[in-house]
2 protein chains.
Amino acid sequence: MAEKRSYHHGDLRRALLAAAAEAIAESGPAALSLRDLARRAGVSHAAPAHHFGDKAGLLTALAVEGFNRLADALDASRAETGSLLEAGVTYVRFAVENRAHFEVMFQPSLYDRDDPEVDVARQRAGAALSAGVSTLDEPPPAEETRKTELAAWSIVHGFATLWLAGAFPDPLGDNAGDAARPVIRRLFD
Amino acid sequence: MAEKRSYHHGDLRRALLAAAAEAIAESGPAALSLRDLARRAGVSHAAPAHHFGDKAGLLTALAVEGFNRLADALDASRAETGSLLEAGVTYVRFAVENRAHFEVMFQPSLYDRDDPEVDVARQRAGAALSAGVSTLDEPPPAEETRKTELAAWSIVHGFATLWLAGAFPDPLGDNAGDAARPVIRRLFD
DNA sequence: CACTTTAACTTGCCAGCGACTAGTTACTCT
DNA sequence: AGAGTAACTAGTCGCTGGCAAGTTAAAGTG
């Protein structure tokens, strides 16, 4: 696909999103340049605007894709293991394997956070997250459920963010998911 | 101070850092413009370069200031309360009250993470963080200490990040520290 | 099939930005 | 008082994002 060098790229939208994810993973969202993406895709500098409007539009699309991928990953994890602990590990692994998406998703100043598509995707991910807590062997009392959700979300999100930021001083190995497991477990003992 | 409109600003470096923090808190680090800062401070567009070299240099200085402020806050909290829980609340409160610093500190692609000043400040903050764990009533066994530190850091960092990102769907009030306390407590029960 | 509409691009332009160079001002130190 | 240096200014460059106007090709319509 996209082999032909015709006037129409054929799959430019996806090509730009992929190139953006790659560029952001390398140099961070701040260094992203639409013109550079256009160059990588072999199109003119104004082509991206046609698909995304402006830079924020492109990052909005990236955020949507990210929230949907996260929801998919969490749903799959729950279907396979039914374990909240493993759902947390999945969250961390998602962040590392989709670094660019993850960084954009949680930096709303970069995109249009009120976009309806983002809202839908974010709620999907939120629901997938909440569903995980109900898989606990000893589910907390109803009034505690909310706090447990927040605690679980916070610990995995914090671990992922700190890992990506390179904030942990000593080396914890090269597998973020495995490194996270014993840490997350402290919350559920 | 800085009342005189002379050739020399007198306190430009600090004025620029303060203006940068304000601008970032409003619009995020990506939207930051050195020229805009210069305008706010009433100096020429090239003045910031003299104090910070380039944009990354300014953000490096902001990160240093942030890590030092965080270390100060954590040390003060430990001196006052001697409680790890309250140290966590302090961490969250720091993030909200120093939003711009916090966002920059943990986004190393924005600045020079290998700068020696950053390294010193970061280690100060890390030490202040570790010291908190030793204040636990039931300190964990030596081999567990590390995991407890990581878990504590992760949960407060995650809560702060998610709060700043506006990721929590339902309103948790306007006081992040108070909202965080019951969540953090789940880790230490 | 011809004809029209529309989607997917390109080309050209503008202001703003970061970074660099060279010059100017004023403080400091002896 | 005079020299040296720190703190700025002014001017320029290439790059960027965003806009306007034109071009190409594909899809729909009789």
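Here is the naming used below: chain letters follow the sequence lines, and residue numbers restart at 1 for every chain.
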Problem - Closest nucleotide among dG18(D), dC17(C), dT9(D) to the A47(B) side chain - result: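 Nearest listed nucleotide: dT9(D).
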Problem - Closest listed nucleotide, where the reference is the side chain of D54(A) and the choices are dT9(D), dG18(D), dG18(C) - result: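 Per side-chain heavy atoms of D54(A), the pick is dG18(D).
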Exercise for the section: May I ask you to check whether Q107(B) and Q107(A) show a side-chain donor-acceptor distance below 3.5 Å? Expected result: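 Q107(B) vs Q107(A): donor-acceptor pair found between side chains.
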Nucleotide N/O to protein N/O under 3.5 Å, stretch nucleotides 12-14 of chain C:
residue: dG12(C); atom: O6; partner: H45(A); partner atom: NE2; Å: 3.0

Using atom [atom1] of [X] as one end and atom [atom2] of [N] as the other, report the distance to the nearest whole Å.
X: L34(B); N: dT16(D); atom1: CG; atom2: P; result: 17 Å
X: L16(B); N: dC8(D); atom1: CG; atom2: C1'; result: 12 Å
X: L12(A); N: dA26(D); atom1: CG; atom2: P; result: 15 Å
X: F52(B); N: dC8(D); atom1: CZ; atom2: P; result: 11 Å
X: D36(A); N: dG18(D); atom1: CG; atom2: C1'; result: 17 Å

Describe the nucleic acid contact of [X] in one word from base, sugar-phosphate, nothing, applying a heavy-atom distance below 4.0 Å.
X: R13(B); answer: nothing
X: L32(B); answer: sugar-phosphate
X: L58(A); answer: nothing

Problem - Exercise: identify the closest heavy-atom pair between R122(A) and R113(A) - result: NH2-O, 2.9 Å
Exercise for the section: Determine, using ring centers only, whether F159(A) and W153(B) are less than 6.0 Å apart. Expected result: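 No, the ring of W153(B) stays outside the 6.0 Å limit from the ring of F159(A), centre to centre.
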Problem - side-chain N/O H50(B) vs dC8(D) OP1/OP2, d < 4.0 Å - result: no
Problem - Phosphate OP1/OP2 of dC15(D): any S33(A) side-chain N/O under 4.0 Å - result: no
Practice task
Measure the shortest side-chain to side-chain distance between M105(A) and L110(A) over non-hydrogen atoms and say whether it is less than 4.5 angstrom.
Solution key: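 Counting from C-beta outward, M105(A) and L110(A) never come under 4.5 Å.
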Exercise for the section: Would you indicate whether the side-chain heavy atoms of K55(A) and L58(A) approach each other to under 4.5 Å? Expected result: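 They are not in contact (no side-chain heavy atoms under 4.5 Å apart), so the answer is no.
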Problem - Of R39(A) and A49(A), the one whose closest DNA chain D nucleotide lies more 5' - result: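 Nearest nucleotide further toward 5': that of R39(A).
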Practice task
Report the relative orientation of the aromatic rings in F106(A) and H157(A); use parallel for angles under 30°, tilted for 30 to 60°, perpendicular for over 60°.
Solution key: perpendicular
Handout entry: Contacts of Y111(B) that satisfy ring-ring contact (aromatic ring centres under 6.0 Å, His included) - sequence neighbours left out
Key = none
